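Ligands are counted one by one from 1 in listed order, and the atoms in each one are counted from 1 as well. Note that the structure is a prediction, hence the values are computed from the model and not measured.
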Amino acid sequence: MATVREATFELFRAHGMTTIFGNPGSTELPMLADFPDDFTYVLGLQELVVMGMADGYAQASRKPTHVNLHTGPGVGNAVGGILNAQANKSPLVITAGQQVRPQITMEALLTNRDATVVPHPYVKYSHEPPRAQDVPGALGRAIAHAMLPPRGPAFVSIPMDDWAQEADEDRAVRAAARHVNGRAAADPDALADLASRLGAAANPVLVVGADVDAAGAWDHAVALAEKQRLPVWAPPAAGGSRIGFPESHPQFAGTLPPAIGPVADALKAHDLVLVVGSSVFSYYPYMPGPLLGPDTALVLITADPDEAARAPMGDAIVGDVGLALERLVELAPAADPAQRPGPEARPQLGVPPAADPPDRLSGSQAMAALAAAWPEDAIAVVESPSTTVSLRNRLRLSHPGSYYAGASGGLGFGIAAAVGVQMAQPSRPVVCVLGEGSAQYGITALWSAVAYKVPVTFLVLRNDEYAILKWFAMLEQVAGAPGLDLPALDVAAVARAYGMEAREVTGADELTDTLRETIAADDGPRLVQVPVAPGMWLE
Ligand SMILES: Cc1ncc(C[n+]2csc(CCOP(=O)(O)OP(=O)(O)O)c2C)c(N)n1
């Protein structure tokens with residue numbers, strides 16, 4: 001007879017979940033006993049980075065991914081990462097150890113009291129099975145929840161004495177054999193109506209969001225834009241966790257501004273805005289104004305019923321964004337070039353603005369130096385607030401699965417996610433661009449990159465401050481706020497302490513040459529630190 005542990009590992013095998021990201025404690029050891037040879041355990045040194053590595057891996061592999069946490073304290077540390085995973089729609093199956101059942105009610109040490117409560121607002125399913133024999137079924141259900149749209153994390157708390165119990169063979173085998181497919185097509189009438197509206201519109205526009213990348217639907221988005229001759233925007237940057245449309249395409253208009261008034265302004269010349277695979281919208285900061293111009297209508301296509309319900313304006317159609325785009329390409333009429341000449345191509349960006357002080361590169365110069373070293377197929381994992389706009393403008397990423405950033409705005413995602421993305425995409429170079437402040441939240445993931453020889457290039461922009469917060473202070477008219485300077489934070493020195501090869505470079509050419517070298521190296525991670533001038537870089 002199989003044990004609960006054996007039956008559960010069979011279930012993970014059946015779903016291709018043979019990589020486990022974790023940080024173990026005594027309550028997790030019974031799960032890890034006799035660890036099978038066909039499974040890989042990836043150790044993260046703190047739970048936020050365990051979450052981040054799994055999140056990057058799940059998004060880049062499109063597979064449900066198992067994260068194992070240490071009872072109450074581990075889940076507590078992981079909460080910021082669970083919030084990120086929810087915002088990223090990352091299909092994570094999170095397990096946490098728990099006291100043995102006979103000691104839970106007396107709250108013995110390491111009891112995860114009310115285990116399902118803490119992660120609850122950020123997960124789709126939060127459960128502690130009533131019996132050991134229910135563990136495989138609960139995990140099967142967690143996998144289904146994680147993978148059904150909108151994808152996201154699901155949580156199961158598992159008492160440590162459950163693993164050695166005898167499994168209920170029939171239920172365990174049936175749980176392992178289940179596959180739940182959630183790729184639901186949108187209402188055909190709604191799509192036909194939308195296609196007519198597109199055809200009849202004078203000046204429609206398309207906004208392509210992160211979920212188009214997650215759905216593998218770039219080609220359909222490009223086909224619709226080209227057939228209908230639509231200008232294409234990316235949603236406001238804060239919601240831009242992935243890129244769903246080639247940013248070098250002549251019809252790509254740029255990233256929408258982040259706040260209500262400016263978004264309405266950017267879209268006011270259009271009579272119809274079609275948003276696909278994004279919330280409407282992830283606004284920040286608050287700049288009031290009408291949500292849209294008086295002559296502008298909006299239609300959202302999303303697989304997420306909550307996104308559809310909470311949009312503050314426009315119509316919404318719920319369904320798989322890839323299937324919907326594919327069908328719209330068939331239904332929408334080809335636009336007449338005389339009536340829709342298409343947008344003007346964005347101008348090539350010139351020489352980046354010089355820095356002050358002049359002995360440091362500007363953030364835009366650093367991004368231009370990165371662009372000069374950029375291989376076509378590289379992947380950017382980005383957590384560098386003051387240079388994100390400049391990075392997008394200069395790299396103009398144009399391949400699917402090439403960009404990952406935390407959708408919740410919670411720092412501590414970048415380094416860890418880059419490790420997970422690289423593990424899921426071993427044949428593509430991964431470059432992680434970080435502010436030196438952001439890097440600190442997930443810094444221990446540098447150790448995992450070294451330990452597992454994950455060949456990410458980490459580029460750290462060292463500006464000695466929380467630049468974006470100084471910019472927000474200006475917008476919010478806040479003077480005299482403390483805690484916005486970061487003197488003497490040397491991330492290269494920290495990386496060396498974790499065993500990583502790291503260097504600091506200063507000039508633009510030196511930066512490009514160094515990045516070319518580190519990106520080509522595939523025997524382990526490298527870190528390149530570059531001092532940049534303070535400030536925000538928006539070109
Ligand atoms: C977990 C978490 N804590 C705090 C913040 C607030 N925050 C947003 S940006 C930022 C500063 C980032 O500094 P750095 O990485 O050096 O980037 P820069 O703005 O200088 O480009 C902070 C602290 C956050 N987003 N997430």
Side-chain angles (χ1 to χ4, degrees), residues 46-52 55 76-88 122 236-241 258 282-285 352-353 355-357 360-367 370 380-394 405-418 431-446 458-476 478 481-492 494-495 504 527-539:
Q46 203 266 10
E47 287 79 1
L48 181 63
V49 310
V50 173
M51 290 299 307
D55 189 336
N77 280 348
V79 166
I82 302 175
L83 171 85
N84 276 339
Q86 182 193 49
N88 293 336
Y122 308 123
S241 59
S282 196
Y283 298 113
Y284 195 80
D356 181 21
R360 289 184 170 219
L361 295 180
S362 71
S364 303
Q365 284 172 326
M367 291 303 98
L370 171 64
V381 181
V382 180
E383 198 171 64
S384 62
S386 63
T387 46
T388 303
V389 174
S390 175
L391 177 143
R392 289 279 284 266
N393 284 341
R394 303 233 162 229
S408 79
L411 301 176
F413 171 77
I415 299 178
V431 180
C432 178
V433 183
L434 300 154
E436 93 263 58
S438 302
Q440 305 313 313
Y441 298 79
I443 196 76
T444 61
L446 292 179
F458 297 97
L459 171 59
V460 177
L461 305 166
R462 181 179 180 181
N463 59 8
D464 301 331
E465 63 175 8
Y466 285 154
I468 195 167
L469 298 188
K470 290 189 177 177
W471 185 71
F472 272 116
M474 227 167 52
L475 285 181
E476 294 170 16
V478 170
L484 305 183
D485 289 304
L486 298 177
L489 189 45
D490 184 351
V491 185
V494 177
E504 180 165 298
L527 186 139
V528 182
Q529 176 167 274
V530 59
V532 294
M536 276 294 277
W537 306 99
L538 299 172
E539 187 193 303

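Atom OG of Ser386 is separated from atom CG of Leu391 by 11.0 Å, given to the nearest 0.5 angstrom. Considering OG of Ser384 and CG of Leu459, their distance stands at 8.0 Å, rounded to 0.5 Å.
Regarding atom 17 (O) of ligand 1, its nearest protein heavy-atom neighbour is Pro385 CD, 3.4 Å. In this structure, the protein non-hydrogen atom closest to atom 25 (N) of ligand 1 is Gly409 O, 2.8 Å. Among all non-hydrogen protein atoms, the one lying nearest atom 10 (C) of ligand 1 is Leu411 CD1, 3.7 Å. The nearest protein atom to atom 16 (O) of ligand 1, hydrogens excluded, is given as Gly437 N, 2.9 Å; this is a heavy-atom distance. Among all protein heavy atoms, the one lying closest to atom 21 (O) of ligand 1 is Ser386 OG, 2.5 Å. Of the protein's heavy atoms, Tyr441 OH, 3.2 Å lies nearest to atom 23 (C) of ligand 1.
In this structure, the side chain of Glu436 does not engage the main chain of Val460 through any donor-acceptor pair within 3.5 Å. Checked by atom type and distance alone, the side chain of Arg360 pairs as donor or acceptor with a backbone atom of Val532 at under 3.5 Å. Ser390 contributes no side-chain N or O that, together with a main-chain N or O of Leu538, makes up a donor-acceptor pair within less than 3.5 Å. Glu465 contributes a side-chain N or O that, together with a main-chain N or O of Gly535, makes up a donor-acceptor pair within less than 3.5 Å. A donor-acceptor pair is defined here as one N or O able to donate and one able to accept, closer than 3.5 Å; no such pair exists between the side chain of Glu47 and the backbone of Asn77. Here the side chain of Ser364 pairs no donor or acceptor atom with the backbone of Pro353 at under 3.5 angstrom. Although no hydrogens or angles enter the test, the distance criterion places no donor-acceptor pair under 3.5 Å between the side chain of Asp464 and the main chain of Pro487. Panel note: side chain Asp55, backbone Met51; no donor-acceptor pair is recorded below 3.5 Å.
Taking any N or O of Ser438, backbone or side chain, at least one lies under 3.5 Å from an N or O belonging to ligand 1. Where the criterion is an N or O separation shorter than 3.5 Å, residue side chain and backbone included, Asn463 meets it with respect to ligand 1. Checking only distances, Tyr466 never comes within under 3.5 Å of ligand 1, N or O to N or O. For the pair Gly410 and ligand 1, the shortest N or O to N or O distance does not fall below 3.5 Å. For ligand 1, the polar-atom distance check finds no N/O of Leu469 at less than 3.5 Å from any of the ligand's N/O atoms.
Taking the six-membered ring for Trp and the full ring otherwise, Phe472 and Tyr466 have centroids separated by 6.0 Å or more.
Close contacts of ligand 1 with Ile468, meaning ligand atoms under 4.0 Å from a residue heavy atom, involve 9 (S), 19 (O).
Taking each of Gly363, Ser408, Ala467 in turn, the one with a heavy atom nearest to atom 18 (P) of ligand 1 proves to be Ala467.
Heavy atoms of Glu383 found under 4.0 angstrom from ligand 1: none, in either backbone or side chain. Neither the backbone nor the side chain of Thr387 has any atom closer than 4.0 Å to an atom of ligand 1 (non-hydrogen atoms only).
No heavy atom of Gly80 sits closer than 4.0 Å to any atom of ligand 1.
Within a 4.0 Å radius of atom 6 (C) of ligand 1, the protein has no heavy atom.
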